[in-house]
**Q** 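Following this message is one structure expressed as structure tokens.
In what follows, every chain begins at residue 1, and chains take the letters A, B, ... in the order their sequences are listed. Scope of the values below: all heavy atoms of this structure, side chains included, with no hydrogens, waters or symmetry mates. The structure presented is a predicted model; accordingly, all values stated were derived computationally and were not measured.
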Number of protein chains: 2
Amino acid sequence: MDKHIAPVALEKAYRLINHGPTVLVSASHAGVNNVMAAAWCCALDFAPPKLTVVIDKATRTRALVENSGNFVIQVPTVAQLQLTHDVGSKSLLQEPDKLERAGVELFQIDGYETPFVAGCSAWLACRLIPEAHNQNTYDLFIGEVVGAWSDTRVFRDGHWHFEDANPELGSLHYIAGGNFYAIGKALQADTDK
Amino acid sequence: MDKHIAPVALEKAYRLINHGPTVLVSASHAGVNNVMAAAWCCALDFAPPKLTVVIDKATRTRALVENSGNFVIQVPTVAQLQLTHDVGSKSLLQEPDKLERAGVELFQIDGYETPFVAGCSAWLACRLIPEAHNQNTYDLFIGEVVGAWSDTRVFRDGHWHFEDANPELGSLHYIAGGNFYAIGKALQADTDK
């Protein structure tokens with residue numbers, strides 16, 4: 001594992017996605033690995049941490065999640081702009097070499113079967129909480145976060161440090177048509193009011 | 001209605017929240033208006049547009065949403081940093097004058113009973129799709145977007161224009177402890193690859 005990666009306490013895991021970044025979803029089953037982009041991923045609870053992610057019926061990733069019961073949500077960086085767009089706009093069903101063409105490098109963490117995407121700023125390993133009605137009606141999947149890690153150059157001590165980090169480590173926020181925004185400057189509200 | 005506000009086509013409404021901004025939830029029932037902040041709001045579908053929002057059982061807003069069947073999601077701006085924090089950290093249950101103290105100004109749009117929060121950059125009027133299991137188990141509410149509007153100084157022609165607009169109109173992305181990030185610079189992926 002990259003020397004910059006360190007575990008994040010589960011009670012702080014929601015902070016990894018609280019600012020609404022576009023994420024990558026990785027999943028694996030029966031020897032097939034896949035990665036897709038998802039703009040529609042959101043924290044759902046603090047403790048135990050849970051999240052939601054929308055996974056369309058047309059994606060290859062969906063069956064991998066449903067069959068394995070596991071997936072990983074990771075926060076890609078500005079340096080991964082094109083990779084993020086490519087894994088979100090191409091399907092493994094039409095392009096069996098999609099991951100290689102997009103430049104995706106996978107790595108493993110001991111104790112987790114799902115592969116993780118290298119070069120991201122944060123990773124949340126999730127166990128699917130099966131909810132057939134949500135999955136079938138809304139393409140909505142709920143996961144319990146069972147492990148979390150960050151690149152300590154940009155998230156450490158329970159906080160993002162985008163303002164001090166290399167801008168290439170910033171998060172991506174997708175709109176449409178290949179148009180993203182990077183996360184911007186830090187703002188502090190008065191909490192004593 | 002402010003002269004800068006214009007309707008957004010429903011098929012483009014998802015773009016108003018696709019980049020993961022922290023939002024304000026307004027709701028009204030039996031003469032009680034309330035507004036809360038929510039970092040956990042996410043698009044769910046394109047057409048008809050739907051979204052999810054997590055509304056805790058401890059909030060006053062929750063009963064207003066459940067009893068009226070309607071709510072409005074709006075995207076607050078950098079200029080509303082303190083307002084957003086204040087309506088997210090105080091409850092109408094303890095502070096009956098919460099909205100006045102936070103400086104919230106409400107306005108109406110013809111045909112919608114729920115009040116809208118002035119000064120935001122985008123508004124999505126939602127009809128609750130009742131899902132008792134999600135609401136009771138996960139505090140997760142699903143809404144169908146039935147009307148959408150934007151401040152045309154920052155969202156027009158179906159696109160955000162944060163890069164050309166006054167930075168005070170940027171969106172807010174909450175982490176924790178009063179710490180937010182503003183949306184940052186525009187990035188374009190190559191869509192012809």
**Q** What part of A:Leu83 is in contact with chain B, defined as an atom under 4.5 angstrom from a non-hydrogen atom: side chain, backbone, both or neither?
**A**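 When you check distances to chain B, no heavy atom of A:Leu83 falls under 4.5 Å.
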**Q** Quiz question: by atom type and distance under 3.5 Å, do the side chains of B:Ser26 and B:Gln74 form a donor-acceptor pair?
**A**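 There is such a pair between these side chains.
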**Q** For residues A:Trp123 and A:Phe107, determine if any side-chain heavy atom of one lies less than 4.5 Å from a side-chain heavy atom of the other.
**A** yes
**Q** Could you have a look at B:Trp160, B:Phe180, B:Trp40 and say which one has the most heavy-atom pairs with chain A under 4.5 angstrom?
**A** B:Trp40
**Q** Of the backbone (N, CA, C, O) and the side chain (C-beta and beyond), which part of A:Lys50 lies under 4.5 Å from a heavy atom of chain B, both, or neither?
**A**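 Looking at A:Lys50, just its side chain touches chain B.
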**Q** For A:Leu16, which atoms come within 4.5 Å of any heavy atom of chain B: side chain, backbone, both, or neither?
**A** neither
**Q** Are a donor atom and an acceptor atom from the side chains of B:Ser28 and B:Asn33 found within less than 3.5 Å of each other?
**A** yes
**Q** Against chain A, label B:Asn134 side chain, backbone, both or neither, depending on which of its atoms sit under 4.5 Å from a heavy atom there.
**A** side chain
**Q** Under 4.5 Å heavy-atom distance to chain A, tell me which part of B:Tyr14 shows up: side chain, backbone, both or neither.
**A** side chain
**Q** For A:Tyr181 and B:Phe162, take the angle between the two ring planes, folded into 0 to 90°, and tell me which bin it lands in: parallel under 30, tilted 30 to 60, perpendicular over 60.
**A** perpendicular
**Q** Does any backbone or side-chain atom of B:Leu172 lie under 4.5 Å from a heavy atom of chain A? Answer side chain, backbone, both or neither.
**A**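 For B:Leu172, the side chain is the part near chain A, not the backbone.
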**Q** What part of B:Ile17 is in contact with chain A, defined as an atom under 4.5 angstrom from a non-hydrogen atom: side chain, backbone, both or neither?
**A** neither
